[in-house]
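Excluded from the calculations below are hydrogen atoms, water molecules and symmetry mates; all remaining heavy atoms, backbone and side chain alike, are included.
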Amino acid sequence: MPGYVLKQIRGTDLVGAVRTVASGQSLLGPDAASRVMRRMRDQAAHADPLAALTGQERRILELIGEGLTNRQIGEQMYLAEKTVKNYVSALFAKLGMERRTQAAAYAARVFEEHGQAPHNSPTD
């Protein structure tokens, strides 16, 4: 179990801290642990922005990258056009985008970089 102490810790406090961690307990308080976890999630999202997307959102982003409309995406995924629109709004928010053209350009670039072929390609 991880623990964190400041350099200014005193001898008896250090011994107690080591014992706490050795017993399997965390040495971070709830607020500090929450901040650390939030920072780690934020870093992971920056490293791979697609990690924040659900599977449905990723698929819809791919189809946006292929130039499909919400209606066409709905037909292909067996979803109502309004449902697709809700997914599109959510993925725009998660990726910090405002326009479909941004998402299409981003999708083309990111899926090409990751070597992912579109789902309806002959390689499937």
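You'll find the side chain of L61 reaches within 4.5 Å of the side chain of Y106, heavy atoms only. Annotation: side chain of L63 is not in contact with side chain of Q72 (no heavy-atom distance under 4.5 Å). The shortest distance between side-chain heavy atoms of Q56 and L79 falls below 4.5 Å. For the pair T54/K94, a side-chain contact is recorded, criterion being any heavy-atom separation below 4.5 Å from C-beta on. A heavy-atom distance below 4.5 Å is not found between the side chains of V84 and Q76. For the pair Y87 and I73, the minimum side-chain heavy-atom distance is 4.5 Å or more. A heavy-atom distance below 4.5 Å is found between the side chains of L95 and L53.
Annotation: the span from N86 atom CG to L91 atom CG amounts to 11.0 Å, rounded to 0.5 Å. Rounding to the nearest 0.5 Å gives a distance of 11.0 Å between CG of N70 and CD of E75. Here the OG1-CZ distance, from T69 to R100, works out to 7.0 Å after rounding to the nearest 0.5 Å.
Across every non-hydrogen atom of Q102 and R99, the tightest pair is OE1-N, 2.8 Å. For the pair A107 and G65, the tightest heavy-atom approach, listed with the atom from each and the gap, is CB-CA, 3.8 Å.
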